[in-house]
Amino acid sequence: MIRFRLFKDKTARLSMLGITILSLGFLLLIGIGLFYMSLPILREKETWKLLTSSNWKPFKGEFGFLPYIISTLHVTFIAIVIALPFSLLTSIYLTEYASEKIRNFFAPIIDLLSGIPPVIYGVWGTLTIVPFISEDIAPHFVEFSSGYSVLAGGIVLSVMITPLLISIFSEVFGSIPKEMREASLSLGATKWQTVKQIVLRKSLPGIVAAIALAVSRAFGETIAVLMVCGNIPIIPSSIFDACYPLPALIANNYGEMLSIPSYESALMMAAFLLFIIIVIFNASSRLILNRIERRYHV
Amino acid sequence: MKTDNLEQVETISENSIIDIMTHSDIINPHIRVEGLNLNIGENHILKDVNLSIPSKKITCIIGPSGCGKTTLLRSFNRMHDDSPNVKITGKIFVDDENIYDEKAQVISIRKKMGLLAQRPCPLPMSILDNITYGPRIHGAWNRRKLYATAKHYLTEVGLWDEVKERLRSSPGHLSIGQQQRLCLARGLAVEPEIILGDEATSALDPISTKKIEELFVTLKKDYTIVLVTHTLRQAKRIADYIAFMYMGKLIEFGTTDQIFNHPQKQLTKDYISGYFS
């Protein structure tokens, strides 16, 4: 009887280990698969050239990924710059200042925001943000902008990742023990001092992790960005220029014009690049996390 | 027969001396609670508490779990301010200033009191920054002075020699007893007049407990100390005065000798002798 129980225990442990390893294998398989699919173009052209050239003329067999890479980074960067202060302040208010009533009122609304399908954000961006940029913002800075731009993509994306950030931030702030806040308050600190010096400090690793997650999501967000960013493969010279992020490139072209030589392989390489960007980003945020934990004693 | 009589005479005279002492301490109390009632939602937690806490003495608040002793202690530095549903009526005077007055500044009230929690709670910063946190939030910035402050208070709690090599490292590596002394030093660094301890030794091992208790006894020459404690023996060891609470009411207040040896109320007698806890 005991042996049977031990056997069950062992089986449970091993099967769960197996399933856990499976998810790692999945990641590796995707990486290897994408690499394999992009091999033809990597063999045909110099890798460095592919990454640094900005000529994208599939008919002539020229594939330069630089505009796509830059666009992806630009749009994501703008999105996080806009979303971060909004979501930080909102979640500080909700967890530290708001009464339970207000909190309970806002929490489901924010969850709902993250449940809205991306295509709706895309439509919203096309109908409001794009004309707003082209008519009201851009004229102050540049001669002409259609509105379909890096900025439009960034704004739409920021609205999409804000709910995600708010809910993770609130979770992170909520996990800080009440005793720690009381320790600070009992020394005569104001609430704001406590938030700034204790809550935010203690949450720093969590904040970085949340940003990493949101940025990873932003890198890959396709449809909403595609609808507002103009989709022209140039290196944007200002935030009012059109751009063409990697996911949009893949979504717009995959399945069409695959008769062009190396085209499919080029698109696969775009996917592989996106994959690499996200892996590098996550790895570096992990490094930053470790440093923060050592440096700030949290 | 004769010896019995003699003993009786002695006790009576002792008592009357204590009465006089008590009286002189109570004339100038540091904290004076008048008609304090506290409700959390529907629950009446503190019921018409009247209490005078003598200056520069150790006063222990004892009583069974849930009698409201921690709630009472926390109302001394207005820690209930941020809790929803808490309703407080009555007055608490600290240095003759009603801290529940509309004009009272909660920050300056809290600065007057160091609170030592049940479990030590180091702030997420280095040992040095933990001590200087209080002075810094009140506007001190001179690094050399802050360092001197830290050294002074760490020495006062007997921690300096143990941590001077690693002032800039995390307090997380300290033992829990050391952490509690760190928290005490942190509280002292804002130059309070009163130390509040909320079962400050209940999470500690006996040796650390002893150290903290000895610190309290040394510190009472400069500070008024109010401790909530679960252990009667601790109260017996270090308290000058004892307040016994039961079901939200203050049952009896007196010197340690009065409460332990001549309790006036039956409830106190039963609690002291361990009929309930």
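Each chain gets a letter, A, B and so on, in the order the sequences are listed, and its residues count up from 1.
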- Item | Close approach to chain A in residues 105-113 of chain B, criterion heavy atom under 4.5 Å | B:I107, B:R110, B:K111, B:M113
- Note on the structure: Applying a strict 4.5 Å limit to non-hydrogen atoms, the region of B:R74 in contact with chain A is side chain
- Is there side-chain contact between A:Q193 and A:K196, with heavy atoms separated by less than 4.5 Å? no
- Item | Contacts with chain B made by residues 93-111 of chain A (heavy-atom distance under 4.5 Å), listed by residue number | none
- Query: Sub-3.5 Å donor-acceptor pair from the side chain of A:T72 to the main-chain atoms of A:L246, do we have one?
  - Reply: yes
- Message: Please check: side-chain N/O of B:S83 versus main-chain N/O of B:V86, any donor-acceptor pairing under 3.5 Å?
- Response: no
- Message: Looking at B:R32 and B:D96, is any side-chain nitrogen of the basic one under 4.0 Å from a carboxylate oxygen of the acidic one?
- Response: yes
- Best-contacting candidate, A:I176, A:T190, A:L185, against chain B by heavy atom pairs under 4.5 angstrom: A:L185
- Query: Between B:S52 and B:H30, does any side-chain donor sit less than 3.5 Å from a side-chain acceptor?
  - Reply: no
- Message: Within 45 degrees of the ring normal and closer than 6.0 Å to the centroid, is that where the cationic atom of B:R78 sits relative to B:Y100?
- Response: yes
- Query: Should the pair A:F272 and A:F275 be assigned to parallel (<30°), tilted (30 to 60°) or perpendicular (>60°) ring geometry?
  - Reply: parallel
- Under 3.5 Å, is there a donor-acceptor pair linking the side chains of B:T201 and B:T209? no
- Item | Minimum side-chain heavy-atom gap B:Y153-B:L159 below 4.5 Å | no
- Message: Report which part of B:P122 has an atom under 4.5 Å of a heavy atom belonging to chain A: side chain, backbone, both, or neither.
- Response: backbone
- Assess whether atom NZ of B:K151 is packed by more than 12 heavy atoms of other residues, nucleotides or ligands within 6.0 Å. no
- Query: For B:D81, is it the side chain, the backbone, both, or neither that has a heavy atom closer than 4.5 Å to a heavy atom of chain A?
  - Reply: neither
- Without swapping roles, check the side chain of A:S87 against the backbone of A:I166 for a donor-acceptor pair under 3.5 Å. no
